Amino acid sequence: MTSIYSRITGTGSALPERILTNADLEKLVETSDEWIQTRTGIRQRHVAAAGETTGDLATLAAQRALEAAGVKASDIDLIVLGTTTPDIIFPSTACLVQHRLGANGCAAFDVNAACSGFMYALGIADKFIRSGQSKKVLVIGAETLTRMVDWTERETCVLFGDGAGAVVLEASAEPGIYATCLHADGGHKDLLYNPVGVSAGFTDEPNHGVRIRMSGREVFKVAVKTLDSLVDETLQAAGMQESDIDWLIPHQANLRIIEATAKRLKMSMDRVVVTVDKHANTSSGSVPLALDFAVRSGKVQRGQTLLLEAFGGGFTWASALLRY
Ligand code: COA
């Protein structure tokens with residue numbers, strides 16, 4: 001029996017029009033462009049307009065991915081969407097996007113794995129295709145993370161942005177995705193979280209208490225260590241070596257974390273896709289945005305081997321090694 005693999009046949013992304021630069025942030029909090037660039041590599045971020053939602057960005061990114069793949073929305077048989085900032089509590093943003101695309105009838109659901117949301121969604125979609133359950137899947141990572149940013153807290157407000165990316169994943173006789181690895185450790189919940197919600201309740205604080213709480217230094221340390229072992233595990237799962245990878249497409253949270261992973265892989269930075277300077281941390285949107293950027297700018301070519309990885313609240317961490 002021949003194996004079924006999943007292959008990315010198209011990519012797309014979407015960003016809000018409004019750009020907030022580090023200089024703009026200097027007017028909001030006690031910070032400097034120099035501090036932000038040195039500590040994070042971020043120069044600017046995109047911020048959704050009033051009324052512009054995660055679903056709006058996700059729909060646009062998905063339409064662009066479908067167009068690039070030459071696939072009709074009505075041929076999609078599954079939509080998996082990674083997000084921590086859904087438009088509404090339910091229906092899922094995947095359902096809202098499905099209807100807007102005209103893909104009604106297929107399975108559609110959201111995955112909340114914080115910044116690893118897209119990587120989780122990709123891992124799940126790969127399994128649906130490998131099992132023969134699905135043939136053409138839309139995998140989306142989309143966020144309006146700035147909706148839960150406290151613009152008076154300098155430790156966090158400089159780090160995040162809004163955006164979405166999507167891929168069309170199709171069944172193929174050739175790889176495709178060689179391996180995906182998904183992990184979580186809920187024991188680290190207090191280092192990066194947003195404590196309010198329907199079941200736990202909202203508070204009387206500004207924005208009903210909805211705001212990112214983060215112990216930046218601790219998150220940084222765990223992220224670097226965890227990503228080190230994740231890349232080892234992924235290479236082993238795919239039966240590959242560092243030198244087999246053409247491009248590292250990492251989660252775009254902090255340039256120093258990205259550089260540490262590249263060093264672990266013995267990769268020079270010119271083989272690493274970096275968009276954190278332009279987009280900041282867009283959580284689930286980050287990896288597919290970077291992938292689409294790399295494809296459309298001509299960096300990533302068909303047949304090349306890509307290592308995608310992400311780390312985020314939970315903690316969660318996940319990866320995929322694939323032939324593009
Ligand atoms: N502008 C100016 N100074 C700031 C600042 C800002 N925006 N934010 C914090 N500082 C100050 C701190 O108050 C501290 O001052 P002190 O030394 O007087 O106490 C100093 O800068 C150093 O803070 P520290 O937190 O140690 O800096 P850092 O080098 O760890 O960088 C982060 C901070 C948040 C950029 C870094 O820890 C990080 O990126 N962590 C990971 C975050 C992340 O990726 N989260 C999402 C995961 S998906």
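Both counts, for ligands and for their atoms, begin at 1 and track the order of listing. Keep in mind that what you see is a predicted model, and the values were worked out from it rather than measured.
Between the side chains of T203 and E205, at least one donor N or O sits under 3.5 Å from an acceptor N or O. Side-chain atoms of D244 and T305 include no donor-acceptor pair closer than 3.5 Å. Using modelled atom types, one finds no donor on one side chain facing an acceptor on the other under 3.5 Å when comparing S229 with D232. Side-chain N/O atoms of T93 and T83 include no donor and acceptor closer than 3.5 Å.
At least one side-chain heavy atom of V198 sits under 4.5 Å from a side-chain heavy atom of I89.
Within 6.0 Å of the CZ atom in R302, the count of heavy atoms belonging to other residues, nucleotides or ligands exceeds 12.
In this structure, of F311, W35, F160, the residue bringing a heavy atom nearest to atom 33 (C) of ligand 1 is W35. Atom 44 (O) of ligand 1 has its nearest heavy-atom neighbour, among G312, A253, S286, in A253. In this structure, of R154, E30, H251, the residue bringing a heavy atom nearest to atom 7 (N) of ligand 1 is R154. For atom 40 (N) of ligand 1, the choice among G313, G216, S283 with the nearest heavy atom turns out to be G216. Residue R217 holds the heavy atom nearest to atom 30 (O) of ligand 1 of all those in E34, R217, Q252.
For atom 31 (O) of ligand 1, the nearest non-hydrogen atom of the protein is R256 NH2, 3.5 Å. In this structure, the protein non-hydrogen atom closest to atom 35 (C) of ligand 1 is T40 CG2, 3.6 Å. Among protein heavy atoms, atom 28 (P) of ligand 1 sits closest to R39 NH1, 3.6 Å. Among all non-hydrogen protein atoms, the one lying nearest atom 39 (O) of ligand 1 is N254 ND2, 2.6 Å. When hydrogens are left out, the protein atom nearest atom 42 (C) of ligand 1 is M214 SD, 3.7 Å; that is the closest non-hydrogen contact. The protein atom (non-hydrogen) at minimum distance from atom 1 (N) of ligand 1 is T31 OG1, 2.6 Å.
A distance of 12.0 Å separates NE2 of H183 from CE of M119, quoted to the nearest 0.5 Å. A distance of 10.0 Å separates CD in Q304 from CZ in R323, rounded to the nearest 0.5 Å.
Judged by distance alone, with hydrogens and angles left aside, the side-chain atoms of E67 form no donor-acceptor pair with the main-chain N or O of R64 at under 3.5 Å.
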Report the C-alpha separation of R45 and L25 in whole Å, then their side-chain angles, then the decisive distance to 0.1 Å, and conclude whether the side-chain contact (heavy atoms from CB on, under 4.5 Å) test is met. CA-CA 10 Å; R45 69 286 294 140; L25 282 172; 3.4 Å; yes

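Of the heavy atoms in N281, only side-chain atoms (C-beta onward) come closer than 4.0 Å to ligand 1.
Where the criterion is an N or O separation shorter than 3.5 Å, residue side chain and backbone included, S32 fails it with respect to ligand 1.
Using a 30° and 60° split on the angle between ring planes, F109 and F128 fall in the tilted class, from 30° to 60°.
Close contacts of ligand 1 with C115, meaning ligand atoms under 4.0 Å from a residue heavy atom, involve 48 (S). Against a heavy-atom cut-off of under 4.0 Å, V158 is close to the following atoms of ligand 1: 7 (N).
Within a 4.0 Å radius of atom 19 (O) of ligand 1, the protein contributes no non-hydrogen atoms. By the definition of a contact as any protein heavy atom under 4.0 Å away, atom 14 (C) of ligand 1 is not in contact.
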